[in-house]
Structure formats: structure tokens, C-alpha cells
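Worksheet: one structure, shown below.
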There are 2 protein chains.
Amino acid sequence: MYQKKIERTLDCGVVLTKEVLHGKWKSTLLHFIARGVQRPSDLQRAIPSATRRVLNIQLNELEQHGLIGKTIYPQLPPKVEYNLTSLGESLLPVIDAMEQWGNEHRATLEPLLAANPNAQAEASA
Amino acid sequence: MYQKKIERTLDCGVVLTKEVLHGKWKSTLLHFIARGVQRPSDLQRAIPSATRRVLNIQLNELEQHGLIGKTIYPQLPPKVEYNLTSLGESLLPVIDAMEQWGNEHRATLEPLLAANPNAQAEASA
DNA sequence: CGGGATCCAGCTCGATACTG
DNA sequence: CAGTATCGAGCTGGATCCCG
């Protein structure tokens, strides 16, 4: 996503995947869409911590990245549904692996994450 | 990593994993350490796109998160080696899944990623 | 060789309000 | 219900220099 002048080797493939998943809620969105939560308002309800604005931005990016598809029903009130594309589905194993690992090590990680605000900012304080 | 007032549900485990992997080079670092690249200078050489500063910062975070261990040999010149902890090793399936997916879909993704600078900044231009 | 400090630009995200 | 615009704050990472 960022990177400036340096060439873009995309080193090991991991970087590529990270770029696709970059955005605070993208992987979560995929996770829920995969589970049948397809409408914006439902997604919003599923991820209350995020704003509609951010959700929309990341939804758009996911769409542009070809991971999800969007269906607009020209109704009143408007109705929109998102769905995984085959590319998006191919990413599910990764998401699931993350999901599983996160859940498995939650007990171990939460204290560590909490205790580690951020290195750089701390230094300058 | 960020998040302010809203409670920290860590929704689906994915979020947790993402936090651990947060940092541009962390997953890449894990990837290489897993492959036997253990010394700072070697890692630096393996990931030339990153600065030593950032590498160190993220290495420290990985260590504090319990994903890697650090061995300091009190020599002259100094010698340091990083290694995966069992927690770090347990994350390898995830990294590998990312690695694999990224490589498999590289051809599809690169054009899309390139064509999609970022939604928000564009809007304000 | 390894590590840290400073300075600084860029990006991401949250809050809020508004339109169709 | 869906989507966007603006404002602002925070964090991340790059460049560079210096110390053990």
C-alpha cells in the first residue's frame, strides 16, 4: 500500500496478501460476508466498532481488488448485497487460518498486546 | 493497534492475528526467520526495502509479543540471533497460507493493486 | 555488527452531517 | 437504507545521524 521509491519486489507473497488485506476491517468483512452477512447494514451491525464510512471504503477496495462482488437492487429503499467472488473465496483458507490462530492464542496474546502500546511513540515520550 | 473508545471485542480472532502481524514487515520477518535467517544483518539483506530502524522496531515488537526469541552473544563485534518461539512457529501455517495465496494470485492482483491507490485520498483531491 | 534518537511525510481511521 | 464529504487526530514508516 505505501512504499515510495524503492522497487516493489513484493518480497515473498506475504506482502501481496497483506496489501489485499490492508485496512483495519477488510479481513473481518470478508469473514462475515463469507458467512452470509451480505448487506451493508448487517455488516455494520456485525462490526459495530467500525464506522459506515470506513466500512464502505474498505468494501469498495475489496470490490476493486476483485475479492467481492456487489449487487445493487434498484428499489426503494435501496438494497445492496455483497458476495465473495471466486478470488475472495480462495482467500478464505487464509482468513480462517488467521481466525483460528487468533482464537486459539487469544489468552496468550491479549495481555501481550495490551502491554505493548507501540515502540516508537513510547521512545519519544 | 489503534481503536479508541469503543470496546475491544477483537471480533473474530482475525483482528487479533492482524494485530500481531501489524507492521509492514513483521510477517516477512517471521517468514525469513523461519527459514533460518536469524541475524539482523542477514534479515536486513533479505529485506532491503526496509530500514534497519523499522526492522529493529518490528523485531522488538515480535519479541515482546512472544513470537520470536532473541539471543545476544556478548562478543566483539556483537552477535545477535533471532529464532521463532513455539508461538511463532504456530503462526507459520498462517504465514504460509498468506505466502501461498499471494504467490498464486500475484498475476491477478498486481494490476488491481496498482490501479487502486487509495479511496479516501483520491476523494479529497 | 547491533541499536537507538530525531525529524518528517504519508496514510488510515473516527466523528459528524448531508444527499438520494 | 445506502453512500459520500469534511475535519482532525493518531500511528507508521522512511531518512539520517550517532553511540556501544
Side-chain angles (χ1 to χ4, degrees), chain A residues 1-8 15 18-19 21-29 37-45 47-64 70-82 113 116-125, chain B residues 1-8 15 18-19 21-29 37-45 47-61 63 70-82 113 116-125:
Chain A
M1 210 74 124
Y2 354 125
Q3 198 116 310
K4 318 182 188 178
K5 39 189 80 165
I6 317 177
E7 30 62 65
R8 201 185 161 84
V15 180
K18 282 194 79 174
E19 295 216 22
L21 261 35
H22 215 202
K24 195 171 177 180
W25 305 107
K26 273 188 201 159
S27 38
T28 307
L29 281 170
V37 187
Q38 302 183 305
R39 302 192 50 186
S41 40
D42 292 333
L43 288 166
Q44 163 78 80
R45 230 169 302 129
I47 316 175
S49 317
T51 337
R52 274 299 289 278
R53 191 185 84 96
V54 179
L55 248 34
N56 284 333
I57 291 178
Q58 310 208 342
L59 246 7
N60 287 337
E61 286 183 18
L62 287 173
E63 191 193 353
Q64 287 166 47
K70 179 179 187 174
T71 310
I72 305 180
Y73 298 88
Q75 305 179 350
L76 207 62
K79 177 177 170 184
V80 172
E81 278 185 2
Y82 291 99
L113 289 174
N116 196 48
N118 62 324
Q120 189 172 181
E122 284 299 20
S124 60
Chain B
M1 212 73 122
Y2 353 126
Q3 197 114 311
K4 319 183 186 178
K5 39 189 77 163
I6 317 179
E7 29 60 65
R8 199 185 162 84
V15 180
K18 284 195 76 173
E19 295 217 21
L21 261 36
H22 215 202
K24 196 171 178 180
W25 305 106
K26 274 189 201 159
S27 37
T28 306
L29 281 169
V37 187
Q38 302 182 307
R39 301 192 53 185
S41 39
D42 291 334
L43 287 166
Q44 164 76 79
R45 230 168 302 129
I47 316 176
S49 317
T51 336
R52 276 297 291 277
R53 191 187 82 98
V54 178
L55 249 34
N56 284 334
I57 291 178
Q58 309 208 345
L59 245 7
N60 287 337
E61 285 181 20
E63 190 191 354
K70 179 178 189 175
T71 311
I72 305 179
Y73 298 88
Q75 305 178 350
L76 205 61
K79 176 177 171 184
V80 172
E81 278 184 3
Y82 291 99
L113 289 174
N116 194 49
N118 61 323
Q120 189 172 182
E122 284 300 20
S124 58

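The chains referred to below are lettered A, B, ... by the order of the sequence lines, with proteins before strands, and numbering in each begins at 1. All heavy atoms count here, side chains included; hydrogens, waters and symmetry mates do not.
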In whole angstroms, the gap separating P of C/dC1 from CG of B/Leu43 amounts to 13 Å

Separation of atom OH in A/Tyr73 from atom P in D/dG3, rounded to whole Å = 13 Å

Taken to the nearest whole Å, CD1/B/Ile72 to C1'/C/dG3 is 10 Å

For the student: nearest non-hydrogen atoms of A/Ser27 and B/Lys18, plus distance | OG-CD, 2.8 Å

Quick one: CH2 on A/Trp25 to OG1 on A/Thr51, what's the gap to the nearest 0.5 Å?
-> 9.0 Å

Closest to the A/Val80 side chain, choosing from D/dC1, C/dG4, D/dG3 = D/dG3

Have a look at the helix from C/dC1-D/dG20 to C/dG20-D/dC1 and give the angle its two end axes make, five pairs each, rounded to 10 degrees.
-> 40°

Mind listing the closest non-hydrogen atom pair of B/Glu19 and B/Lys26 along with its distance?
-> O-NZ, 4.4 Å

Can you tell me the distance, in whole Å, between the CG atom of B/Leu55 and the P atom of C/dA5?
-> 17 Å

Separation of B/Asn56 atom CG from C/dG4 atom C1', in whole Å?
-> 8 Å

Phosphate OP1/OP2 of D/dC11: any B/Lys24 side-chain N/O under 4.0 Å | no

Checking all strands, does A/Gln58 fall into the base, sugar-phosphate, or nothing category for heavy-atom contacts under 4.0 angstrom?
-> sugar-phosphate

Atom-to-atom span, CD of B/Glu61 to P of D/dC11 - whole angstrom | 12 Å

C/dG3 phosphate, OP1 or OP2: any side-chain N/O from B/Asn60 under 4.0 angstrom?
-> no

Residue set satisfying side chain to side chain contact (heavy atoms under 4.5 Å, CB included) with B/Gln38, at least two apart, ordered chain then number -> B/Glu81, B/Asn83

Is a donor-acceptor contact shorter than 3.5 angstrom present between the side chain of A/Arg53 and the base of D/dG3?
-> no

Going by the side chain to side chain donor-acceptor pair (under 3.5 Å) test, name the single residue among A/Arg39, A/Arg45, A/Gln44 that passes it with A/Asp42.
-> A/Arg45

D/dA2 phosphate, OP1 or OP2, under 4.0 Å from A/Tyr82 side-chain N/O = no

Choose from D/dC1, D/dT4, D/dG3 the nucleotide whose nearest atom is closest to any side-chain atom of A/Lys70.
-> D/dG3

A/Leu29 CG to C/dC13 P, in whole Å, measures 11 Å

Using only side-chain N and O atoms of A/Gln44, determine if any of them is under 4.0 Å from OP1 or OP2 of D/dC1.
-> no

Separation between CG (B/Leu21) and CD (B/Gln58), nearest 0.5 Å, reads 10.0 Å

For DNA chain C, whose closest nucleotide is more 5', that of B/Pro77 or that of A/Pro78?
-> B/Pro77

Could you tell me the separation between the CG atom of A/Leu55 and the CG atom of A/Leu29, rounded to the nearest 0.5 Å?
-> 5.0 Å

To the side chain of A/Thr51, which of C/dC1, D/dA2, C/dG14 is closest?
-> C/dG14

Which residues satisfy the salt bridge (Lys or Arg N to Asp or Glu O under 4.0 Å) test with B/Arg52, sequence neighbours excluded?
-> none

What nucleic acid atoms does A/Arg39 come within less than 4.0 Å of, heavy atoms only: base, sugar-phosphate, or nothing?
-> sugar-phosphate

Between P of D/dA2 and CG of A/Leu59, the distance in whole Å = 11 Å

